[in-house]
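In what follows, a single structure is set out as structure tokens and then discussed.
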Amino acid sequence: GENVEQHPSTLSVQEGDSAVIKCTYSDSASNYFPWYKQELGKRPQLIIDIRSNVGEKKDQRIAVTLNKTAKHFSLHITETQPEDSAVYFCAASWGSSASKIIFGSGTRLSIRP
Amino acid sequence: DVKVTQSSRYLVKRTGEKVFLECVQDMDHENMFWYRQDPGLGLRLIYFSYDVKMKEKGDIPEGYSVSREKKERFSLILESASTNQTSMYLCASLRGPDEQFFGPGTRLTVL
């Protein structure tokens, strides 16, 4: 069945350094790839997304890249700050607006001061 | 702004009890979802609903049922709670074509 694998499960980086989280998906029909950030005790919130007709998207310190051939996509956070500490989930979905969405297992990102 | 609320933040129930988790959204969205979140497993879809009285099974529907009698309310039902259903339960509503907007979550403990 459809699957999304996410790595690493935990990531610790020095404040100011970059962080990269990678995901692979199994269904080549996937056409929408959101990233959610969940701070401790709070709900997951969408931080950036990319569609299958785009290879890269950037929003300030956050960027996402998509390689459709290899079926993987990555989240890049530059100049990390303490408030970036959270659990990040990638996801892949396909089909209509009522389609299923499959989430990765999450990455706990810690920023060291 | 979209508001998705869940009936309880924390809930403690005993094995065998019937449990109702309620989710309400105030933006007239058609699509609503129930997930459970467990460490190392991410968010797993239990059920989703794309209209009143319409529902579809997600990846892990066993032991759960749902009810969508009104557009704004999507209920998750545990007919006979078991300890392996101890988890964080997240409701979501579809904002825009694809973005899921999540509720605050209900942490359920089954003793």
Side-chain angles (χ1 to χ4, degrees), chain A residues 1-11 21 23-27 29-54 57 59 64 75 86-108, chain B residues 1-6 9-10 23-25 27-61 68 71 74 87-107:
Chain A
E2 301 87 0
N3 186 44
V4 174
E5 293 191 1
Q6 183 172 346
H7 299 282
S9 56
T10 59
L11 180 61
I21 302 171
C23 290
T24 59
Y25 59 98
S26 59
D27 192 331
S30 298
N31 56 14
Y32 175 67
F33 306 91
W35 285 88
Y36 286 81
K37 174 183 179 182
Q38 186 177 28
E39 296 177 60
L40 188 64
K42 296 188 176 179
R43 70 191 77 195
Q45 292 192 300
L46 180 73
I47 54 171
I48 195 168
D49 56 15
I50 192 168
R51 298 189 184 278
S52 56
N53 58 349
V54 175
K57 185 176 179 180
D59 182 4
V64 58
L75 178 72
V87 177
Y88 292 81
F89 293 98
C90 64
S93 74
W94 54 95
S96 68
S97 60
S99 61
K100 281 172 48 177
I101 180 168
I102 303 293
F103 285 86
S105 54
T107 296
R108 182 173 298 279
Chain B
D1 198 13
V2 178
K3 291 292 185 294
V4 178
T5 57
Q6 294 182 226
R9 290 301 305 271
Y10 300 94
C23 175
V24 177
Q25 50 94 3
M27 288 300 292
D28 202 35
H29 291 164
E30 293 178 345
N31 301 298
M32 297 184 74
F33 306 78
W34 273 107
Y35 295 89
R36 63 177 284 175
Q37 181 177 13
D38 301 288
L41 297 177
L43 297 163
R44 292 181 293 166
L45 182 65
I46 304 172
Y47 269 96
F48 71 98
S49 169
Y50 50 92
D51 204 348
V52 175
K53 297 190 186 295
M54 306 302 285
K55 60 186 179 185
E56 280 199 29
K57 293 179 180 179
D59 300 312
I60 51 165
R68 184 97 181 267
K71 198 172 188 179
F74 190 34
S87 186
M88 169 69 83
Y89 290 87
L90 287 164
C91 172
S93 174
L94 203 63
R95 175 167 73 180
D98 289 294
E99 181 192 350
Q100 299 208 355
F101 191 87
F102 287 89
T106 296
R107 185 166 293 282

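Below, chain A is the first sequence line, B the second, and so on; all start at residue 1.
Looking at B:Glu30, neither its backbone nor its side chain comes within 4.5 Å of chain A, counting heavy atoms on both sides. For chain B, no part of A:Gln6 is nearby; none of its heavy atoms comes within less than 4.5 Å. Using a 4.5 Å cut-off between heavy atoms, A:Pro34 does not touch chain B at all.
Around CZ of A:Arg108, the count of heavy atoms belonging to other residues, nucleotides or ligands within 6.0 Å does not exceed 12. Surrounding NZ of B:Lys57 are at most 12 heavy atoms belonging to other residues, nucleotides or ligands under 6.0 Å away.
From B:Glu99, atom CD reaches atom CG of A:Asp49 across 7.5 Å, with rounding to the nearest 0.5 Å. With values rounded to the nearest 0.5 angstrom, A:Gln38 atom CD is found 7.0 Å from B:Met88 atom CE.
Taking all atoms of both residues into account, the shortest heavy-atom contact from A:Gly41 to B:Arg9 is O-NH2, 3.4 Å. Contact record, A:Phe89 with B:Leu43: CE2-N, 4.3 Å, taken as the closest heavy-atom pair. Contact record, A:Ser105 with B:Gly40: CB-O, 3.4 Å, taken as the closest heavy-atom pair.
Using a 4.5 Å cut-off on side-chain heavy atoms (C-beta onward), A:Ile101 and B:Tyr35 make contact. Contact of the A:Tyr36 side chain with the B:Gln100 side chain is registered, since non-hydrogen atoms from C-beta on lie closer than 4.5 Å.
Among the candidates B:Ser49, B:Gly42, B:Pro39, B:Gly105, the residue making the largest number of heavy-atom pairs closer than 4.5 Å to chain A is B:Gly42. Note: B:Gly103 leads B:Ala92, B:Gly103, B:Gly58 in heavy-atom pairs under 4.5 Å with chain A.
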